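Proteins come first, then strands; the chains are lettered A, B, ... in the order of their sequence lines, and each starts at number 1. None of the values given here were measured: they were computed from a predicted structure. For the numbers below, each heavy atom of this structure counts, side chains included, while hydrogens, waters and symmetry mates do not.
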Protein chains: 2
Amino acid sequence: MHSAQIDQVRRFNRTVTQRVGVLHDHYLGRDRPIGEARLLWEIGGQGEDVRRLRERLGLDSGYVSRLLRSLEADGLVTVEPHPRDRRVRTVRLTDAGRAERATLDARSDELAGSLLEPLNEAQRARLVAAMAEVDRLLTAGTVTLDTVDPGHPDALYCLRSYFTELQERFETGFDPERSLLPDAGELTPPRGEFLVARLHGEPVGCAGLKLPPGAPAEIKRMWVAPRARRLGLGRRFLIELEARAARHGRTLLRLDTNKALTAAIGLYHSCGFQEVPAFNDEPYAHHWFEKRVTAPPAALQE
Amino acid sequence: MHSAQIDQVRRFNRTVTQRVGVLHDHYLGRDRPIGEARLLWEIGGQGEDVRRLRERLGLDSGYVSRLLRSLEADGLVTVEPHPRDRRVRTVRLTDAGRAERATLDARSDELAGSLLEPLNEAQRARLVAAMAEVDRLLTAGTVTLDTVDPGHPDALYCLRSYFTELQERFETGFDPERSLLPDAGELTPPRGEFLVARLHGEPVGCAGLKLPPGAPAEIKRMWVAPRARRLGLGRRFLIELEARAARHGRTLLRLDTNKALTAAIGLYHSCGFQEVPAFNDEPYAHHWFEKRVTAPPAALQE
DNA sequence: CGATTTCTCTGACTAGAGTCAGAGAATGCA
DNA sequence: TGCATTCTCTGACTCTAGTCAGAGAAATCG
């Protein structure tokens with residue numbers, strides 16, 4: 001990390017927090033404390049359980065309760081017990097609450113507009129593009145890769161999404177029964193590993209590593225949620241799995257894929273995988289890849 | 001302004017304020033309230049008058065006084081009367097204060113580093129580049145163009161800087177006496193106009209428009225401070241002056257320039273100026289430009 | 001069925017970040 | 001010289017944004 005990079009990041013932080021901060025106070029902190037405004041926003045159109053609000057905003061239960069009393073006193077929300085579990089209480093916006101939320105929304109738009117407003121067309125386009133890039137990369141930096149059991153709810157969510165997507169994208173559809181998929185035991189230590197990527201705690205991708213004794217390691221079930229694409233997550237999975245395979249003493253890593261998954265095929269090429277003849281008879285595979293892996297020298301691990 | 005742009009800006013605001021905000025609290029709000037930290041930072045290595053601190057941070061005088069008492073009690077600053085005006089008090093960092101400021105500085109670096117840390121080399125480079133672009137364009141959006149009298153201190157500052165720069169950049173040096181410079185009266189209404197660009201209230205550029213009766217309008221003394229370059233300010237000056245010339249009923253706008261000012265020459269070309277034969281005998285000019293101007297249709301003025 | 005846990009709420013506090021209204025000293029201006 | 005102004009400081013407040021320690025109701029577990 002160069003100090004010129006650090007300096008630029010600091011300049012960015014200063015400019016953005018100043019500019020956005022001032023406007024934020026001006027547009028959004030107008031007639032309601034921002035704690036209340038945030039809560040009002042999070043309740044959403046459908047209503048929400050108090051405990052989930054607390055969780056999402058990371059606030060103390062007493063504090064949330066007090067904020068809700070205040071919103072209730074202003075006639076913006078109603079709080080009633082949850083029908084199935086009467087300990088839990090559900091918050092719902094009243095019509096007045098919905099109107100208030102709509103003005104908050106409009107103010108957010110105004111705030112955004114006021115950043116673009118002084119610029120000409122070309123500058124606006126460049127600013128928005130650069131913001132998208134910053135947004136993407138900062139988000140990418142918060143995605144965590146965790147080893148989990150393939151039976152974990154987050155893993156199951158990813159696998160189900162993965163299968164659904166394969167069914168939609170494969171010309172022939174996809175039937176898990178017909179595929180040479182590993183059973184769960186093959187993706188838990190010592191026979192393998194399973195990784196889940198999470199963004200703000202929500203699962204947004206998975207990848208499995210098979211470590212069959214006496215055979216090359218193999219990547220299975222790699223998937224990235226649509227909303228987490230373009231964050232370099234596929235590449236991160238591959239690098240992580242390569243390192244793990246190497247740590248288990250494997251020198252060859254393999255995978256197979258379907259011709260419909262063009263982005264994945266591009267990724268494999270760009271990550272140094274070589275296309276090779278079929279090494280299995282997976283019915284849904286059209287391409288087979290392999291890569292020699294070695295434990296990276298310590299200096300590059302960082 | 002498209003709603004897709006607005007949405008992207010809002011997403012950016014959310015991501016950045018969250019990510020940077022959390023880290024900000026973690027790194028900088030550690031052992032000192034951020035009000036004190038900001039003040040400590042603004043005092044700087046040289047010491048500073050209380051009134052200027054107040055001005056720069058936009059704080060209440062009572063509040064600043066209390067913050068200073070607190071910093072003083074911690075042995076971080078000393079406050080003593082200004083030698084020439086004993087109403088004013090000057091704050092100076094003690095050695096302990098300087099040390100504290102250095103740790104704040106280090107923490108800012110850490111904060112910046114922690115944004116880059118989870119990314120790989122290529123991603124870091126892209127993030128930093130995108131941040132620089134956002135920084136530049138947000139800054140550009142806060143630059144104001146104001147009509148001022150050429151005798152105003154900000155105007156004089158710009159003109160002096162302009163002449164100094166010409167002296168350095170012209171092969172032959174530059175002597176204002178030899179040049180066909182307009183006198184100040186030619187740049188005040190009704191014979192002309194003079195604009196100063198300001199960033200956070202500080203002058204960062206100027207441009208003059210001569211409106212000689214019965215002759216084409218002419219641009220003179222256009223200058224942008226080094227720290228405000230690459231913000232599209234030159235183009236903004238030209239557009240603004242074109243509009244003003246048109247509003248005064250002129251249809252032709254002229255200017256001359258020196259061959260050393262290559263960036264300016266590029267700008268004139270790209271803004272639609274055509275190079276023409278010399279229309280004056282300004283000794284320092286090598287290129288002469290003109291452009292037909294018309295009042296822009298209302299739809300484009302926005 | 002009783003003990004434990006979960007969920008929400010209330011009351012009592014705290015710290016930070018300011019605001020506002022003078023008071024007192026020094027300086028500037030007519 | 002005297003009056004107004006400038007500058008800083010103090011005291012007395014306010015509002016946000018929390019935290020912490022229970023209490024009471026409902027649900028769950030063994």
Rounding to a whole Å, what distance do you find between A/R89:CZ and C/dT6:C1'? 15 Å

Going 5' to 3' along nucleotides 19-30 of chain D, which nucleotides have protein heavy atoms under 4.0 Å from the base (write B), which only from the sugar-phosphate (write S), and which from neither (write -)? BB-----BS---

Decide yes or no for B/E48 and B/V91: does some side-chain heavy atom of the first lie under 4.5 Å from some side-chain heavy atom of the second? no

Full working for salt bridge (charged side-chain N to carboxylate O under 4.0 Å, His left out) between B/R89 and B/D49: CA-CA 6 Å; B/R89 307 243 285 159; B/D49 294 352; over 6 Å; no

Starting from P on D/dT6, measure out to CZ on B/R52 and report it in whole angstrom. 18 Å

CZ of B/F12 to OG1 of B/T17: how many Å apart, nearest 0.5 Å? 9.0 Å

Mind checking B/I34 for me? I need base, sugar-phosphate or nothing, with any heavy atom below 4.0 Å counting as a touch. sugar-phosphate

Nearest-angstrom distance from the residue atom CG of B/D25 to P of C/dG16: 13 Å

After noting the C-alpha distance and the side-chain angles of A/Q8 and A/R11, does the key distance pass the side chain to side chain donor-acceptor pair (under 3.5 Å) rule? CA-CA 5 Å; A/Q8 177 57 63; A/R11 236 180 349 264; 2.9 Å; yes

Between P of C/dA17 and CZ of B/R54, the distance in whole Å: 19 Å

Atom CG of A/L68 to atom P of D/dA17: distance rounded to whole Å? 15 Å

Would you mind reporting whether B/L68 and B/V50 have side-chain heavy atoms less than 4.5 Å apart? yes

Just verifying a value: how many Å separate A/Q5 CD and B/L115 CG, rounded to the nearest 0.5 Å? 12.0 Å

First encountered from the 5' end of DNA chain D, between A/G35 and B/T90: B/T90

Does a side-chain heavy-atom distance below 4.5 Å link A/T188 with A/P150? yes

Is the shortest side-chain N/O distance from A/R69 to OP1 or OP2 of C/dC9 below 4.0 Å? yes

Please list, one pair per line, the donor and acceptor atoms closer than 3.5 Å that link side chains of residues 31-44 of chain B to other protein atoms, with sequence neighbours excluded.
residue: B/R32; atom: NE; partner: B/E100; partner atom: OE2; Å: 3.0
residue: B/R32; atom: NH1; partner: B/E36; partner atom: OE1; Å: 2.9
residue: B/R32; atom: NH1; partner: B/D74; partner atom: OD2; Å: 3.2
residue: B/E36; atom: OE2; partner: B/S70; partner atom: OG; Å: 2.7
residue: B/E42; atom: OE1; partner: B/R56; partner atom: NE; Å: 2.7
residue: B/E42; atom: OE1; partner: B/R56; partner atom: NH2; Å: 2.9

B/Y157, OH: over 12 other non-hydrogen atoms inside 6.0 angstrom: no

Quick one, which residues of residues 36-50 of chain A touch DNA chain D with a heavy atom under 4.0 Å? A/R38

Rounded distance (Å) that lies between atom P of D/dA17 and atom CG of A/L71: 12 Å

